[in-house]
Amino acid sequence: MKIGFDTSQTGKNKAGCGFFADTLLCSLAAQDLRNEYFLYPVFGDFFFDPDWASSTRKIPKDRFSVITPAKALLAAKEFWNRPPADFEARLGDPDLIHANNFYCPTFLRRARLIYTLYDLSFLVCPEWSTEENRARCFQGVFNASVHADWILAISRFTRDHFLNIFPHYPPERVTVVHPASRFADPPVPPGPRPHARLAPGRFWLHVGSLEPRKNQLNLLKAYARLRGEGESDYPLVFAGGKGWLVDDLEEKAEALGLKGNTLFLGYVGDGTLAWLYENCFAFVYPPFFEGFGLPVLEAMGFGAAVITSAVASLPEVAGDAALLVEPQDVQGLFTAMRRLQREEGLRRTLQEEGRARSRKFSWERTAAEVRSLYEEVRNRPRLFAD
C-alpha cells in the first residue's frame with residue numbers, strides 16, 4: 001500500500017499536533033516493513049513551515065520518500081485550493097492519505113483520506129484562539145465531516161464531542177487511537193540543569209504553550225496564594241513557547257507579587273524537558289480544555305506527581321493517578337498544591353501510580369493500531385465517493 005503522510009508540523013518548535021505526527025511516523029517506520037510512505041512537509045495552506053526542507057521529519061529508509069509538489073506558500077495555496085488535473089499523481093498516487101494538521105483535502109478522487117482529530121476547543125470557547133485560527137480549524141474539521149473516509153480521534157472524549165457536533169458522520173468510522181509519551185521508547189536522557197536557580201525536587205513545573213486555554217493565569221493566582229500563606233517557597237517554572245493572546249503573563253505574575261518566584265524558560269528541547277519532568281517537586285497542568293493532554297503522560301512517565309483538570313479528556317488520560325481539580329476553581333487548585341506540599345506520602349503515592357499509569361500507553365501499540373486502521377480503510381469503499 002502507498003500511504004501519503006502529512007509531516008508539515010514536525011519541524012522546529014513543534015507542539016501537540018506536530019509531536020503526534022512526528023512520533024507516530026517514527027513508530028510506524030520502526031515496525032512497518034511492507035508499505036511505502038510519501039511524506040508531505042507542505043500539506044494544505046493552514047500551516048506552512050518556511051524551513052520545511054531542513055526541519056521536518058525524514059525517514060532514512062528506502063520505502064520513505066519526501067514529496068513536495070509546492071515548495072513555497074503561494075504555490076501551496078494554488079496547488080491545494082485549485083488542484084491541477086494530475087493532483088493525486090503529483091502526490092505519488094497514494095492509496096491513502098493521512099492528514100495531521102487540521103487541514104482537510106477536498107479534491108481526492110481515488111485515495112482514501114484519514115483525518116486526525118485532536119480537539120474542538122475552538123468551538124467551545126472562541127476567545128481561547130485567534131479569529132484566523134478558529135476559522136481555519138473549523139473549516140478543516142467541517143470539511144473532514146463531509147470528505148474524510150475515516151476520523152482518527154485521539155481520545156474518547158474527542159470522538160464523542162465530534163459526533164455530537166457532526167451527527168451526520170457515521171460513528172463506526174470514528175476510531176479512537178490514544179497517543180503516548182514520546183520520552184518512553186526509546187528513553188530520552190535528561191539534559192543538564194537548565195537554570196542555576198533550579199534544585200532537584202524543589203520547583204513546581206508547568207509545561208505548555210502560553211495561551212488562554214492552558215489556564216496559566218489561574219495557576220499563577222493559586223501559586224501566589226500558596227506563597228502568600230507560607231506554604232511553599234519553591235519557584236514555579238513555565239516551559240513552553242508563546243501561543244496566542246497571552247503576551248503579558250510575566251507582567252501578571254509580577255502584579256501578583258511573584259517577581260523572582262517564577263521562571264519562564266520559553267520553548268525547550270527534549271533533553272531539558274526530560275530534566276524538568278524528572279526533577280520537579282510536582283507537575284501542575286490545569287487547562288480549561290484538552291483533546292488529550294500529552295504533558296500529563298510525559299510527566300507521569302518521569303515519576304512526577306501530577307495535578308490536572310477534571311474536565312474534557314484529562315480524566316481519561318490521568319485515571320486515578322493524579323489530583324483532579326476544576327480549572328476555574330483557584331481555591332481548589334491552591335488546596336491541591338498545598339496537599340502535595342504538606343503530604344509527602346500522597347506525593348510519593350502519586351509518583352508511583354503515575355509511572356504505572358503512563359505504562360498503559362505506548363507508541364508501539366498506537367502504531368500497530370494505526371497500521372491496522374490503514375488496512376481497514378483501504379479495504380472499505382470510499383465514504384464520499386463521487
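Keep in mind the model is a prediction, meaning the values are calculated, not measured. Both backbone and side-chain heavy atoms feed into the values below; hydrogens, waters and symmetry mates do not.
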More than 12 non-hydrogen atoms from neighbouring residues, nucleotides or ligands closer than 6.0 Å to [atom1] on [X], yes or no?
| X | atom1 | answer |
| --- | --- | --- |
| Glu344 | CD | yes |
| Asp62 | CG | no |
| Asp320 | CG | no |
| Glu131 | CD | no |
| Phe107 | CZ | yes |
| Lys12 | NZ | no |

State yes or no: are the ring centers of [X] and [Y] separated by less than 6.0 Å?
| X | Y | value |
| --- | --- | --- |
| Phe102 | Phe46 | no |
| Phe292 | Tyr118 | no |
| Tyr374 | His98 | yes |
| Phe281 | Phe203 | no |
| Trp363 | Phe183 | no |

Review point. How far apart are the C-alpha atoms of Tyr103 and Phe47, what are their side-chain angles, what is the distance that settles it, and do they pass the ring pair (Phe, Tyr, Trp, His ring centres under 6.0 Å) test?
Key: CA-CA 8 Å; Tyr103 174 82; Phe47 179 89; over 10 Å; no
Is the backbone N or O of [Y] less than 3.5 Å from a side-chain atom of [X], with the two atoms forming a donor-acceptor pair by type?
| X | Y | value |
| --- | --- | --- |
| Thr68 | Lys71 | no |
| Thr366 | Ser362 | yes |
| His206 | Gly240 | no |
| Tyr267 | Lys14 | yes |
| Arg112 | Asp95 | no |
| Arg110 | Pro94 | yes |
| Asn215 | Pro327 | yes |
| Glu316 | Phe157 | yes |
| Asp149 | Arg382 | no |

Point to revise | Arg34/Glu375 salt bridge by N-O under 4.0 Å criterion | key: yes
Practice item. Salt-bridge test for Glu352 and Arg348: reply yes if a basic N is under 4.0 Å from a carboxylate O, no otherwise. Key: no
Side-chain donor-acceptor pair present, [X], [Y], cut-off under 3.5 Å:
| X | Y | value |
| --- | --- | --- |
| Asp49 | Ser55 | yes |
| Trp52 | Thr7 | no |
| Thr158 | Asp119 | no |
| Tyr223 | Arg227 | yes |
| Ser155 | His178 | no |

Considering only heavy atoms from C-beta outward, does the side chain of [X] approach that of [Y] to under 4.5 Å?
| X | Y | value |
| --- | --- | --- |
| Ile59 | Leu25 | yes |
| Asp45 | Trp80 | no |
| Ile307 | Phe283 | no |
| Val66 | Lys58 | yes |
| Leu346 | Leu340 | yes |

What is the distance from atom [atom1] of [X] to atom [atom2] of [Y], rounded to the nearest 0.5 Å?
| X | Y | atom1 | atom2 | result |
| --- | --- | --- | --- | --- |
| Arg357 | Met300 | CZ | CE | 7.5 Å |
| Gln341 | Arg347 | CD | CZ | 8.5 Å |
| Leu258 | Leu236 | CG | CG | 8.0 Å |
| Glu364 | Glu369 | CD | CD | 11.0 Å |
| Leu249 | Phe238 | CG | CZ | 5.5 Å |
| Ser309 | Phe288 | OG | CZ | 8.0 Å |

Point to revise | Test log, rule side chain to side chain contact (heavy atoms under 4.5 Å, CB included), inputs Thr175 and Ile151 | key: CA-CA 6 Å; Thr175 296; Ile151 303 292; over 6 Å; no
Review point. Hey, mind stepping through Val306 and Tyr285 against side chain to side chain contact (heavy atoms under 4.5 Å, CB included) and telling me if it holds?
Key: CA-CA 8 Å; Val306 172; Tyr285 189 74; 5.6 Å; no
Check your understanding: Only one of Phe87, Phe43, Tyr40 forms a ring pair (Phe, Tyr, Trp, His ring centres under 6.0 Å) with Phe79, so which one is it?
Key -> Phe87
Review point. Yes or no on side chain to side chain contact (heavy atoms under 4.5 Å, CB included) for Val177 and Ile154, after CA distance, side-chain angles and deciding distance?
Key: CA-CA 5 Å; Val177 178; Ile154 64 170; over 6 Å; no
Practice item. Walk me through it: do Glu290 and Lys214 pass the test salt bridge (charged side-chain N to carboxylate O under 4.0 Å, His left out)? Key: CA-CA 9 Å; Glu290 281 290 348; Lys214 300 297 185 179; 2.6 Å; yes
Point to revise | Derivation of the salt bridge (charged side-chain N to carboxylate O under 4.0 Å, His left out) call for Glu88 and Arg109 | key: CA-CA 8 Å; Glu88 290 183 61; Arg109 297 293 177 263; over 6 Å; no
Point to revise | Passing option when Leu96 is tested against Asn35, Leu113, Ile3 for side-chain contact (heavy atoms from CB on, under 4.5 Å) | key: Ile3
Check your understanding: Between Phe166 and Phe162, what is the ring plane arrangement, given parallel below 30°, perpendicular above 60°, and tilted in between?
Key -> tilted
Exercise for review: List the atom of Thr10, the atom of Ala21, and the distance in Å for their closest heavy-atom pair.
Suggested key: CG2-CB, 3.9 Å
Practice item. Specify the closest pair of heavy atoms between Leu314 and Gly293, including all atoms of both residues, with the distance to one decimal. Key: CD2-CA, 4.1 Å
Practice item. Determine, step by step, whether Lys2 and Glu36 satisfy the side chain to side chain contact (heavy atoms under 4.5 Å, CB included) criterion, reporting the C-alpha distance in whole Å, the side-chain angles of both residues, the deciding distance to 0.1 Å, and the verdict. Key: CA-CA 5 Å; Lys2 294 187 294 183; Glu36 183 178 3; 3.7 Å; yes
Practice item. With Arg182 as the cation and Phe19 as the aromatic partner, state whether NZ or CZ is under 6.0 Å from the six-membered ring centre and within 45° of the axis. Key: yes
Exercise for review: Go through the steps to decide whether Thr106 and Asn143 satisfy the test side chain to side chain donor-acceptor pair (under 3.5 Å), and finish with yes or no.
Suggested key: CA-CA 7 Å; Thr106 60; Asn143 284 344; 5.4 Å; no
Review point. Please walk me through it: do Asp22 and Arg57 pass salt bridge (charged side-chain N to carboxylate O under 4.0 Å, His left out)?
Key: CA-CA 7 Å; Asp22 186 59; Arg57 175 66 67 179; 2.6 Å; yes
